[in-house]
Structures are given as C-alpha cells and as structure tokens.
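The structure under discussion appears below in the form of structure tokens.
Just so it is clear: chains get the letters A, B, ... in the order the sequence lines come, proteins before strands, and each one is counted from 1. All heavy atoms count here, side chains included; hydrogens, waters and symmetry mates do not.
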2 protein chains.
Amino acid sequence: MKTPVINPTRIALMDAAERLFATRGFKSTSLRAVTALAGANLGAVNYHFSSKDSLVIAVLGRRLKPLNERGTALLDQFEKGRGGKPVKLEKILEAMFRPALELIAKPSQGGRNFLRLMAFTLAEPGKFLKPLLEEQFNEKNRRFHRALMLALPGLTESETYWKMHFSYGVFVHTISHPHILEISSHSLCKLADTERTLERIVAFCAAGFRNPTHPLKKQE
Amino acid sequence: MKTPVINPTRIALMDAAERLFATRGFKSTSLRAVTALAGANLGAVNYHFSSKDSLVIAVLGRRLKPLNERGTALLDQFEKGRGGKPVKLEKILEAMFRPALELIAKPSQGGRNFLRLMAFTLAEPGKFLKPLLEEQFNEKNRRFHRALMLALPGLTESETYWKMHFSYGVFVHTISHPHILEISSHSLCKLADTERTLERIVAFCAAGFRNPTHPLKKQE
DNA sequence: GTCTATATGGGGATAGAC
DNA sequence: GTCTATCCCCATATAGAC
C-alpha cells in the first residue's frame, strides 16, 4: 500500500470531494466545484490523484478500512473473556453497526458525508467502485457470518446470509435516508440520539434473526 | 393529469430510458444513448418530453402510481371481510411489498429496471425528484401506518414509523442489491424464487415489529 | 411527427509558467 | 507544489428542413 502523503491541499481536496460527492453525486460534481471548495486550483486534483476516478477511490478508502477494522475489533473484544461461549446476537449486531453510526454522531460532519457517499456509491450501478467495496466488505462479512452461525446454531448458512443482508438493509436505509423517515413520520422520528437509534436497529434485526421464516399463511 | 399520449416512439423512449438510467444512472446516461437504444433520433426526447428531467419523471410516474395503488388495493382487500378486526401484521407487510416484488418476477424485465432506477433515484441526493417521490409515497405511508397501528396496539405512533422505515430498508436493499447478497454469500442465496423471498422479508420484518426495543444490555 | 445540423455551454485532462 | 491557459470532447437543447 502506498503511504498516503500528508499534504494540506490533498486533505482539503478529499474533504471537499467527500462533501460534494455525497450531496450532489459523483457524476454531477465537477472538479471545478471540488477545487473551488477546497480553495485549490483546477489542476490540483489531477496533480494529486491523477484523475477524478482515483479521487473517489481515495475518498472511500480513507474511511472504509478503519471503519471495518473497528467493527471486527469490537467483535474480537466481545468474544474475548467469553471462554469460547458464543457472543450474544445483540452484541454481534452492535459490533456490526456501531462504528459507522458513531461516525454520524461526531459533529465533524465528515463522517455523515462519507456515509451518504457510501450509500450513493452502492446504488450507483455498474461502477468500477463496486468490486473495490465488495472486496473491502467480504472479509468483515465472513467474520460476522461465522459469529452469527455460532450464536444461532439453528440457522442454516444461507438463512444467516439472508438475514445479514436484511440487517444491512435496515442499517443502510436508516442512515442514508433519514429525511425520508422524518418526512413520512411528520417529524415524529429523528436520528438525533445515536445510542437509541442503534438500540432500535439492533432490536429489530435481532428479532428477525430469531424468528424462523414460515410460508405465508391464510389469515387465522 | 395530462392524458398520456400513446405513441410508439414515446413508449420506446421511456423503455430505453428506464433501462439505461437503471444501469448507468441518470447523469451518466446521455440522450444520445437513449434515443439510439429506442431507435429514435436525437431530437425525439426533447420533442416528446421537452427535457431530460421531464423524461425521468415520466418514466418513474408511469409505474409508481399503479404500483402504490395496487398495494393499497391489496390492503383494502385484506381488510374487507374481517368485519372491523385488524388485519394480521404479516398480511399488511405482504400488501406493502408484493406488488413491487411481482414486478421483478415478470420476465418482461422492465420492472426490474424500474426498481433499480427507484433505488438509485432515492439515493441520488438533492434532486428535484425527491419531492415527487415523497408525495407519491406519503399517502400509501399514512394508509399502512394506520393499519399497522391497528394490528399492533402496543406500539406508539413513532415506533411504528421507525419500524416501517426499517422494513422499507430491508425491502429496498434486497431488491436493489441482489448481487451483493449473491457475492457475499458465495452464490448460496439468490432472489430467484419471488414467493420465498417475500416470505423471508415478511417474516423478518414481522418479528422486528413484534419485538419491543430494549436498551442494549451487558452480556448475560 | 420525424430527422439533421448546429448552437452553446461545460466537462476532464494537460502543458508549461511561476 | 501551485497556478493558468488551453485542448478537445461530449452533453443538452433548438431551429428548421423534410
């Protein structure tokens, strides 16, 4: 891995890009806008990153790796001191989502931008970025899948994957479209309290994990 | 509402746009690509829709209205013949998701494209499209929220909104990123069987609805 | 109603001065 | 390392011929 050069302009460019990509999308954000917001000149991006595409990859990579690492570290920590007994389902889910949720809590606002960008990037179809992301997540996925299988010995491998996928859906949708929740609930619900949001998500998903899937029956 | 003119070119343009927007995204799709795929000429879009923006709105509106109407119709049907007794939670969730899921099942492929486009549009930030969508969904939302409150009298209004939001998350993520599920599960899980997928989603969300949210406790 | 040609603007990337 | 000027391509939208 290349050692990232610590350069104020470089950082400013990434911050600006993170914010603009997150609010306007990748294609709709011009390098002119990025450099202007960063207080740099037009050529700066191409000098520091050599292309617009590489800039996004850099922006994503900067946060993604530490984020996933913190998740697995948290899981490790929960596993330690249990003497081989499986970690409780709720704790596993907490380890899955807490790091990303805490990014939102920080007022630094950079994390919020990043998570929006992540959601957007996931949705953006056919992009060269997807392989990168999947690669980034595959290890974490396997790790958590194993923990979940241990915690819920009744589930098959495939059922566990399905429910992991559902849980990611709950999480991604919640953090990337908070405004939808706010509007549809007529401002009754807000993400303000991170800890409470995490509890809600964890409780919802945990129940889903424990409940076996039955064929849809007729009423009564 | 303007009566939509039935014109083969117009239809072909919408189909082409639906497919291309869904696979490449809105901004990355040029009118050149759309008209080429539709077998029309470059000017056609501006003649029939007057702008690229209006084209997307037309493409979304074409499917969104009937889709939501079918959902509420299904709920109506479930409510009928229950003599005032609340509809069972599972049936409500089924009514919420079945219409969209059935779009995928059809081999006509247009529905799949549309759903991808929907997810993409939801993610696309700051777009003029968002108000339109929210407006489209607000009525359906209110309708289902009422049904859910009746089915689960123990929940507060706001808890019900939260869990609806989570459920949409499960659904949207599942249908818009099937490849993520496939890859992360090493091809163990596929969306092939619509009915089974619906069952899984409904079971997962129903459990989440029934489970109360508790503060995260220490292990054991 | 359909097509072609074109107007007009904006984009990413580059080369070369400082 | 930073900035400016510029190249060249591609986009949307329009005007006007058929």
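- For the pair B:I11 CD1 and C:dG1 P, the computed distance is 14 Å after rounding to whole Å.
- Taking 3.5 Å as the limit, the base of C:dG10 and the side chain of A:R32 contain no donor-acceptor pair of atoms between them.
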Walk me through whether A:R62 and A:E18 qualify under salt bridge (charged side-chain N to carboxylate O under 4.0 Å, His left out). CA-CA 10 Å; A:R62 170 171 71 154; A:E18 187 171 67; 3.5 Å; yes
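- Atoms CG (B:N46) and P (D:dT12) sit 9 Å apart, rounded to a whole Å.
- B:P178 and B:R112 get closest at one heavy-atom pair: CG-NH2, 4.5 Å.
- Atoms CG (B:L31) and P (D:dT14) sit 12 Å apart, rounded to a whole Å.
- Centroid-to-centroid, the aromatic rings of B:H145 and B:Y161 come within less than 6.0 Å.
- B:F120 and A:F120 have parallel rings, their planes meeting at less than 30° on a 0 to 90° scale where 60° marks the start of perpendicular.
- Salt-bridge check for A:E159 with A:K163: failed, with every basic side-chain N at 4.0 Å or more from each acidic carboxylate O.
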Show me the protein contacts with nucleotides 2-5 of chain C, counting only N or O atoms at under 3.5 Å.
unit_1: C:dT2; atom_1: OP1; unit_2: B:T9; atom_2: OG1; d: 3.3
unit_1: C:dT2; atom_1: OP2; unit_2: B:H48; atom_2: NE2; d: 3.2
unit_1: C:dC3; atom_1: O5'; unit_2: B:N41; atom_2: ND2; d: 3.0
unit_1: C:dC3; atom_1: O4'; unit_2: B:N41; atom_2: ND2; d: 3.3
unit_1: C:dC3; atom_1: N1; unit_2: B:N41; atom_2: ND2; d: 3.1

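- To the nearest angstrom, P of D:dA11 lies 10 Å from CZ of B:R24.
- Between B:H173 and B:H177, the ring-plane angle classifies as perpendicular under the 30° and 60° cut-offs.
- The interatomic distance linking B:K27 (NZ) with D:dA11 (P) rounds to 12 Å, in whole Å.
- Heavy atoms of A:S50 sit nowhere under 4.0 angstrom from any nucleic acid atom.
- We find that CG of B:L13 is positioned 14 Å from P of D:dA13, with the value rounded to whole Å.
- The side chain of B:S30 contributes an N or O atom lying less than 4.0 Å from OP1 or OP2 of D:dA11.
- Across all strands shown, A:T29 has heavy atoms under 4.0 Å from sugar-phosphate atoms exclusively, and none from any base.
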